[in-house]
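Quick note on labels: first sequence line is chain A, next is B, and so on, each numbered from 1.
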Amino acid sequence: MALKIYSTLSRQKEDLVPLEPGVIKMYVCGPNLYGPAHVGHAMSYIVFDTIRRYLQYRGFQVRYVQNFTDIEDRIIETARSLNTTVKDLSEKYIARFYAEMDALNVLRADYNPRATEVIPKIIEIVAGLIAKGYAYPIEGGVYFRVTRMTDYGKLSKRSLDGMEAGARIEIDERKEHPMDFALWKASKPGEPAWDSPWGKGRPGWHIECSAMSMQFLGEQLDIHGGGHDVIFPHHENEIAQSEAYTGKVPFVKYWVHNALLRLHEDEEKMTRHLGNIVSVQEALQKYGGDAIRLFILSSHYRSPLTWKDENIIAARHGAERLRVALRDYEAGPSSNPADALCEQADQASRAFVFAMDDDFNTPRAIAQVYDLARTINAARDNGAPSNSVAYAQSILLELTEVLGLTLKGVSGPSEVEPFIALLVQTRNELRAAKQFALADQIRNRLAELGVVLEDAASSTLWKYTSQE
RNA sequence: GGCGACGUAGCCAAGUGGUCAAGGCAGGGGUCUGCAAAAUCCCGAUCGCCGGUUCAAUUCCGGCCGUCGCCUCCA
């Protein structure tokens, strides 16, 4: 069965058929580097990372490009207010972005171009659009002539007439049409600027993504992703300028947009402009990457989700149970390599693929993962053959890796481990001597210090617990 | 005003025109344990409201109510 993917352009699930067999060219809109990322960004990048991982799991070679917007009005503004340079500001947030995405186990893109490194390509496209009559210069700036594109609005399903009626923007009277958008902006003194045929200036808001995707992936892409809020005008304009420039349609085969994350208290979408933000850093400290990922993926990517502490904590508990299912297991006979447990694992794997093939239905896929974890735990409780358990665990690990879970658990300072081990050993001697009051006291005190003990049949396991 | 999405157990969240509904978290009960913990087993929903289509609707259509998103920078 073919993998189905929903495209915003057709508003339908379509069979995924790449432009080039076996290869997926994928571009995802990256962050604007004027500030730290929040969990809404994390949601988008986790969603697309999971799609990428799954496509790779299904055997596609994925070429994944995600940009950094390192030149834009707000960055200029922020740099100025912080008395730093645009360059330093963006470098700082790029470093932070990488660190945070690594912590979320988001795989690095094959390439992360910055807008400022494709200025020549941008100028080339803008000049080409002017030459073809799709754009016109005005006083050092260049605007795209939306009326030249008869299908303008096809992604967001709006008409120029309809948009004009509701437009709240202040209209630049110099433009031919209110909806014409800037491809190139004349710079003001003191702003970063590049030489161009139209004078000193910088790229407009949408052209960078067209330039970067063309330069690093080609003139047509398979998948272009981003948040739902970026459909209009950003992606609409990307289509217009790209298809006008190359003459190749479609610019993108499958437009994929994730629904937005809201913050519990006010139930409004989370955005830096509204200031109702939970930063990625803060979320990572509180919950860890696995809990965040599991929480995000427990709802379908096209459904809006609300950031609510108790739900992320619930996801953390779920992740813990998956972790337990992957614990080493040696007891039990080693025989019957192809028994019911192995069959159940294979079944879970098939069901997982079936769910993910249906427009990346992670909630259903995760249900399979939990089922398999329960099966493994139950089999282990019943003393199943160790090689069967190991096989089922290998399947479970494979599936959780597709979801980008590490299942590593909370780590603590390694230098205290010998001391904890000593306490555990001492306590077990007390237990053997039936000194239960003292033994329980040690266990309770360790728990207060963030170390939990679990007395198994033959040995005592201990682990650090997450805070709060 | 225009366009669009959603409303399923305490919370989160899949799903299907006809064994009247996955999974997670929380809660209750049992097993295991010196006691715990972990694990496991059992227990809960008739699917926003009102009509319609159908032999049959939670699933299709219409209306209503409610929540939310985009239309402006925004993942």
Side-chain angles (χ1 to χ4, degrees), chain A residues 8 11 28-32 34 37-48 69 72-74 77 153 156-159 161-170 205 225-234 236 257-262 267-274 294-295 297-300 302-306 308 310-325 327 351 355 358 361-371 373-382 431-432 434-437 439-440 443-444 447 452-457 460-463:
Chain A
T8 307
R11 306 283 161 116
V28 174
C29 281
N32 181 327
Y34 74 84
H38 62 248
V39 287
H41 297 106
M43 172 174 178
S44 190
Y45 305 144
I46 286 169
V47 163
F48 290 108
T69 296
E72 192 268 340
D73 292 2
R74 201 171 291 269
E77 219 173 88
S156 52
K157 303 285 184 276
R158 16 185 125 214
S159 66
D161 295 342
M163 285 185 283
E164 254 189 289
R168 279 177 273 160
I169 47 173
E170 53 177 280
W205 310 296
H228 195 265
D229 54 345
V230 91
I231 294 173
F232 188 90
H234 187 60
E236 192 69 69
H257 296 98
N258 62 278
L260 303 181
L261 189 67
R262 301 194 293 251
E267 296 277 320
E268 272 195 85
K269 80 167 172 176
M270 190 179 295
T271 173
R272 296 188 283 204
H273 309 289
L274 295 176
L294 206 47
F295 166 71
L297 298 176
S298 68
S299 119
H300 187 79
R302 284 190 285 112
S303 300
L305 187 58
T306 302
K308 203 170 160 189
E310 65 173 287
N311 293 335
I312 298 104
I313 289 169
R316 189 170 64 191
H317 291 169
E320 181 58 29
R321 219 175 98 235
L322 298 179
R323 234 169 251 141
V324 168
R327 274 183 188 161
D358 184 16
N361 192 326
T362 53
R364 226 186 325 152
I366 287 171
Q368 297 306 321
V369 168
Y370 278 119
D371 275 343
R374 178 158 28 75
T375 302
I376 290 171
N377 286 331
R380 189 162 44 187
D381 282 358
N382 293 324
R431 289 173 65 216
K434 305 219 183 294
Q435 302 273 339
F436 294 122
D440 289 350
R443 183 173 62 197
N444 292 340
V452 168
L453 304 191
E454 290 177 23
D455 294 325
T460 297
L461 296 171
W462 68 268
K463 65 184 179 186

Query raised in the report: Counting side-chain heavy atoms from C-beta on, which of C3(B), G69(B), A14(B) comes nearest to Arg364(A)?
Result: A14(B)
Query raised in the report: Has Phe436(A) got its ring stacked on G34(B), by the test of a centre gap below 5.5 Å and a plane angle below 30°?
Result: yes
Query raised in the report: Given G69(B), C35(B), C71(B), which nucleotide is nearest the side-chain atoms of Arg158(A)?
Result: C71(B)
Query raised in the report: Does the side chain of Asn377(A) pick up a donor-acceptor pair with the side chain of Arg380(A) at under 3.5 Å?
Result: yes
Query raised in the report: Going by the angle between their ring planes, with limits at 30° and 60°, are His38(A) and His41(A) parallel, tilted or perpendicular?
Result: tilted
Requested in this report: Report the nucleotide, chosen from A75(B), C68(B), A13(B), that has the shortest atom-to-atom distance to any side-chain atom of Tyr45(A).
Outcome: A75(B)
Query raised in the report: Checking all strands, does Gly225(A) fall into the base, sugar-phosphate, or nothing category for heavy-atom contacts under 4.0 angstrom?
Result: nothing
Requested in this report: Could you check which of A13(B), C25(B), G24(B) has an atom nearest any side-chain atom of Pro363(A)?
Outcome: A13(B)
**Report entry** Nucleotide nearest Asn311(A) (side chain, heavy atoms from C-beta), chosen from C11(B), A26(B), A75(B)
**Finding:** C11(B)
Query raised in the report: What integer number of Å spans the P atoms of C6(B) and A14(B)?
Result: 11 Å
Query raised in the report: Which of the following nucleotides, A39(B), A75(B), A22(B), is nearest to the side chain of Ala367(A)?
Result: A22(B)
Report summary line: Of the listed C25(B), G23(B), C3(B), the closest approach to the Ala314(A) side chain comes from C25(B)
Requested in this report: Mind calculating the distance between CD (Glu236(A)) and P (U72(B)) to the nearest angstrom?
Outcome: 12 Å
Query raised in the report: Checking all strands, does Asp440(A) fall into the base, sugar-phosphate, or nothing category for heavy-atom contacts under 4.0 angstrom?
Result: base
Requested in this report: Measure from the side-chain heavy atoms of Arg431(A) and tell me the nearest of C35(B), G69(B), A38(B).
Outcome: C35(B)
Query raised in the report: What do you reckon, is NE2 of His228(A) surrounded by more than 12 foreign heavy atoms closer than 6.0 Å?
Result: no
Query raised in the report: So which nucleotide from G34(B), G24(B), G23(B) ends up closest to the side chain of Asp371(A)?
Result: G23(B)
Report task. Take atom P in U58(B) and the same atom in C47(B), then report the distance between them in whole Å. Result -> 6 Å
Query raised in the report: For G24(B), does either OP1 or OP2 sit under 4.0 Å from a side-chain N or O belonging to Arg316(A)?
Result: no
**Report entry** Which nucleotide in A39(B), A75(B), A14(B) has an atom nearest any side-chain atom of Val324(A)
**Finding:** A39(B)
